[in-house]
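Heavy-atom basis, side chains included; hydrogens, waters and symmetry copies ignored. Per chain, numbering begins at 1; letters A, B, ... match sequence-line order.
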Protein chains: 2
Amino acid sequence: MNGDTTRSAPATLHDVAREAGVSLATASRSLNGSTRKVNEEYRQRVLAAAAKLDYSPNLSAQAVARGTTTTVALLVADIADPYFSQIAAGVVREADRERLIVTMAATDRDPERELELVRTLRGQRPRVMILAASRREGDPNNDALEAELRAFESSGGRVAFVSSADLPFRAVQLDNRAGAESLARELTELGYRRFAAVTGAEGIRTADERLAGFRAGLEAGGGTLERIVRPAFTRDGGYEGMRELIDGGLDGVELVFAANDVMAVGAMSALRDAGLTPGTDVAVAGYDDIPTVRDVTPPLTTVRIPLEEVGRRALRLALGEATSDEEAPVHTEVVLRESTPRRA
Amino acid sequence: MNGDTTRSAPATLHDVAREAGVSLATASRSLNGSTRKVNEEYRQRVLAAAAKLDYSPNLSAQAVARGTTTTVALLVADIADPYFSQIAAGVVREADRERLIVTMAATDRDPERELELVRTLRGQRPRVMILAASRREGDPNNDALEAELRAFESSGGRVAFVSSADLPFRAVQLDNRAGAESLARELTELGYRRFAAVTGAEGIRTADERLAGFRAGLEAGGGTLERIVRPAFTRDGGYEGMRELIDGGLDGVELVFAANDVMAVGAMSALRDAGLTPGTDVAVAGYDDIPTVRDVTPPLTTVRIPLEEVGRRALRLALGEATSDEEAPVHTEVVLRESTPRRA
DNA sequence: TTGAAAGCGATACCAT
DNA sequence: ATGGTATCGCTTTCAA
C-alpha cells in the first residue's frame with residue numbers, strides 16, 4: 001500500500017490534535033474523556049484524524065498521567081500445568097471483559113522467587129495482583145511477602161489469592177478440606193477401607209488441607225490411611241510416589257488418593273508400568289478435575305473445581321466487584337468415575 | 001511492623017533523591033544509568049534511601065521517558081490448551097531471563113478478535129509481539145493484520161510468529177509438513193495401509209500442512225487415506241470427529257490420524273465409548289507430543305515438538321538474538337508408542 | 001465548550 | 001562527576 005519503510009514513530013495525541021485543528025485537550029477529551037463535553041463537530045474531526053493517522057494511545061503515558069494503569073498481574077506456579085493454565089484462562093477472559101491487560105509470571109514453586117516477582121511486578125503499578133502460586137505454611141519469606149503486598153495495597157493496589165491463604169488478603173476460597181472429606185466419605189461408601197496417599201511436601205497448604213480432609217472423611221467412614229508418600233507436586237512426582245508405594249509393597253491398599261489430578265495421572269501410569277491395572281488392581285482418585293482425567297483409562301474419580309471460574313472470580317474479587325455469591329467458597333463436588341469402581 | 005494504613009503513594013525517585021540529599025539526576029543514575037559515573041559515596045546514599053523508602057521505579061514513567069518498554073505481548077488461541085500453555089511457558093521463561101514482562105491475550109481462534117487484540121496491544125508499545133494463535137489461510141482479516149504489524153514494526157517493534165506463517169514476518173518454523181510425512185511413512189512401515197484423518201477446518205494452516213504432509217507420506221509408503229472429517233481443532237472436536245467416523249462405518253480403516261494430540265486424545269475416548277479399544281481395534285496417532293499422551297492408554301504415537309523451546313525461540317527470534325541454529329526449523333521427530341502397534 | 005498550561009514519574013542532555 | 005532542566009505522551013485543572 002505504501003512503500004514507506006522509514007522508522008516512523010507512532011502518531012501521538014499531539015499529531016491528532018494538529019491534524020484535526022483542535023487543542024491537545026480537546027483531542028484528549030474526544031478520544032477518552034468519560035464525561036463528554038465536546039462539540040460534536042470537533043469530536044468527529046478528531047475521530048477522523050485519529051483514524052487517518054492510525055492513532056493508538058500510549059498506555060504508559062496514560063498510566064503516568066492518570067496515576068493508574070489498566071494492568072492486572074498474575075502469578076502462578078507453572079504456566080504449563082493445567083491447573084494453573086485453566087485459572088489463567090479465566091483471569092484473562094474476565095480481564096478482557098473489563099478491558100484490562102494481564103501480565104503473567106511463573107514462580108516455579110519457589111517462594112523466594114515469588115517474593116522477587118511480586119517486587120518486580122510492583123513496578124508496573126498494576127491495578128490488581130492475583131497470586132495463584134501455591135502457598136507454603138510457615139515459609140520464612142511469608143512475612144516479607146505480606147509486607148510487600150500490604151505496601152502495594154496501601155498505595156491503592158488490590159490483592160487476591162487463589163485458595164485459602166494464611167495471609168490476610170482476599171481469597172477465592174477453595175475449601176480443599178471439605179472437598180477431600182466428601183471424597184473420602186464417598187469412597188468408603190463404595191466399600192473401600194484401606195488407603196494410601198500420594199501428596200506433596202509437608203507445608204504446601206493445598207496438599208496439607210486435602211490430606212487432612214481426606215483423613216477426616218476416612219475416619220468418619222471407617223477407612224484407614226495406611227501409607228503416605230510425599231513426592232513433588234507434579235505429574236512426575238505422582239509417578240514416583242506410586243512407584244515408591246509399589247516398591248514398598250502395596251499389600252492390602254485398595255485405593256490410592258493423589259492430592260491432585262496431574263499426580264494421579266502420573267500415578268496411574270506408574271501402576272500400568274508395573275503391570276497393574278488402575279481401577280481393577282488398585283483404585284485411584286485425584287483432585288481438581290482437569291480435562292485430561294476424562295481421557296485416561298479408566299476415567300479418574302476426582303473432586304471437581306471449576307478452575308476457569310476460579311480465575312474469573314479471583315479477578316472480580318480483587319476488583320471489589322464480586323457479588324456475595326462470588327465471595328462464598330467455590331462450589332466443589334465429587335465426581336465418581338471408573339477408576340474407583342464399587343467394591344463387591 | 002508499622003501500623004500505618006493510610007493510603008500512601010509509592011515513593012518516587014524524587015523522594016529518594018531528597019532523602020539522599022542529591023539531585024534527581026544523580027539518583028536516577030545511581031539506580032539505573034548504564035554507564036556508571038557516580039561517586040561511590042553518593043551512590044551508596046541513594047541506594048540506602050531507596051531501600052529505606054522501599055522505592056520501586058514506575059515502569060510506565062520509565063517507558064515514556066525512555067521511549068521504550070520492557071514488555072512482550074503474547075497472543076495465543078487458547079491459554080488452557082496444553083499446546084499453547086507450553087509455548088507460553090517457554091516465552092515467559094525466556095522473557096524472565098531478559099528481564100522482560102509478558103502480557104498475554106487469547107484470540108479464542110477468532111481472526112477478527114486477533115486483529116482487534118493486536119490493535120489494543122499496540123497501545124502498550126511492547127518491544128516485541130509474538131503471535132502463536134493459529135493462522136487461517138486467505139482470511140479476509142489477514143491484510144489488515146499485516147498492515148497493523150507492519151506499522152508496529154516500522155515504529156521499532158519486533159514481530160515473531162509461531163508456525164510457518166503466510167505473512168512476511170519472522171517465524172519459528174515448525175515444518176508440519178515434513179513431520180506429518182515422516183509419521184505417515186513410519187506408520188506404513190509398521191504395516192498400516194488404510195487410514196482416516198480427523199483434522200481441522202480447511203484453511204487452518206497447521207491442519208492443512210499436517211494433512212498434506214501425511215498424504216504425501218502415505219503416497220510414498222503405499223497407504224491410502226480413505227476418509228477425512230473436519231471437526232473443531234479441540235479435544236471435543238476430536239471426540240466428535242471420531243464419532244462421525246464410527247457412525248459412518250469405520251470398515252477397513254486401520255489407523256486414524258488426528259491433526260493434533262488433544263484431538264487424538266478425544267478421539268481415543270470416542271473409540272472407547274463406542275466399545276472399541278484404541279491401538280487394538282483401531283490405531284491412533286496424533287501430533288505435538290503434549291505431556292498427556294504418555295498417560296493415556298495406550299500411550300499415543302505422535303510427532304514430538306519441543307513446545308517450550310518453541311516459545312523460548314520465538315522470543316529470541318523476535319529480539320533478534322537468535323543464533324543461526326535457532327533460526328533453522330525446529331527439530332521434530334516421530335515418537336512411536338503403543339497406540340500404533342506393528343501390524344502382523 | 002475550549003485551550004493554555006501545570007503536572008505525572010522518570011531520563012538524558014547540557015552546562016558547570 | 002553533578003545538578004538544572006527540557007522532554008516523553010497524555011490528563012486535567014483553571015481561565016477565558
If the cut-off is 4.0 Å, is B:Asn58 near the phosphate of C:dC8, judged by side-chain N/O to OP1 or OP2?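 For C:dC8, OP1/OP2 do not have a side-chain N/O of B:Asn58 under 4.0 Å.
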
Just N and O in the side chain of A:Gln62: are any of them under 4.0 Å from OP1 or OP2 of D:dT11?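 For A:Gln62, the contact criterion (side-chain N or O under 4.0 Å from OP1 or OP2 of D:dT11) is met.
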
In whole Å, what is the span from the [atom1] atom of [X] to the [atom2] atom of [N]?
{"X": "A:Leu53", "N": "D:dC10", "atom1": "CG", "atom2": "C1'", "answer": "16 Å"}
{"X": "A:Asn32", "N": "D:dC10", "atom1": "CG", "atom2": "P", "answer": "9 Å"}
{"X": "A:Leu31", "N": "D:dT11", "atom1": "CG", "atom2": "P", "answer": "8 Å"}
{"X": "A:His14", "N": "D:dT11", "atom1": "NE2", "atom2": "C1'", "answer": "14 Å"}
{"X": "B:Arg122", "N": "D:dG9", "atom1": "CZ", "atom2": "C1'", "answer": "15 Å"}
{"X": "B:Leu59", "N": "C:dT11", "atom1": "CG", "atom2": "C1'", "answer": "14 Å"}

Given B:Asn142, which of B:Arg135, B:Arg136, B:Glu114 fulfils the side chain to side chain donor-acceptor pair (under 3.5 Å) condition? B:Arg135

Taking the side chain of A:Leu13 as heavy atoms from C-beta outward, which of C:dT11, D:dT11, C:dG9 is closest to it? D:dT11

Do A:Arg150 and A:Phe169 meet the cation-pi criteria used here (NZ or CZ under 6.0 Å from the six-membered ring centre, within 45° of the axis)? yes

Relative to A:Tyr42, does A:Arg29 satisfy both conditions: NZ or CZ under 6.0 angstrom from the six-membered ring centre, and within 45 degrees of the ring's axis?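 The answer is no; the distance or angle limit is not met.
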
Just to be sure I understand the rule, does A:Thr12 reach a base, reach only the sugar-phosphate, or reach nothing, if contact means heavy atoms closer than 4.0 Å? sugar-phosphate

Please determine whether a side-chain nitrogen of the Lys or Arg among B:Arg122 and A:Asp54 lies less than 4.0 Å from a carboxylate oxygen of the Asp or Glu.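 Judged by the 4.0 Å cut-off on N to carboxylate O distance, B:Arg122 and A:Asp54 do form a salt bridge.
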
Check whether the side chains of B:Gln124 and B:Thr103 place a donor and an acceptor atom closer than 3.5 Å, and report yes or no. yes

If you count the non-hydrogen atoms of other residues, nucleotides and ligands that lie under 6.0 Å from CD in B:Glu137, is the total more than 12? yes

So which protein nitrogen or oxygen atoms get under 3.5 Å of nucleotides 1-4 of chain C's nitrogens or oxygens?
unit_1, atom_1, unit_2, atom_2, d
C:dT2, OP2, A:Asn39, N, 2.7
C:dG3, OP2, A:Ser23, N, 3.2
C:dG3, OP2, A:Ser23, OG, 3.1
C:dG3, OP2, A:Thr26, OG1, 2.5
C:dG3, N7, A:Arg29, NH2, 2.6
C:dG3, O6, A:Arg29, NH1, 3.3

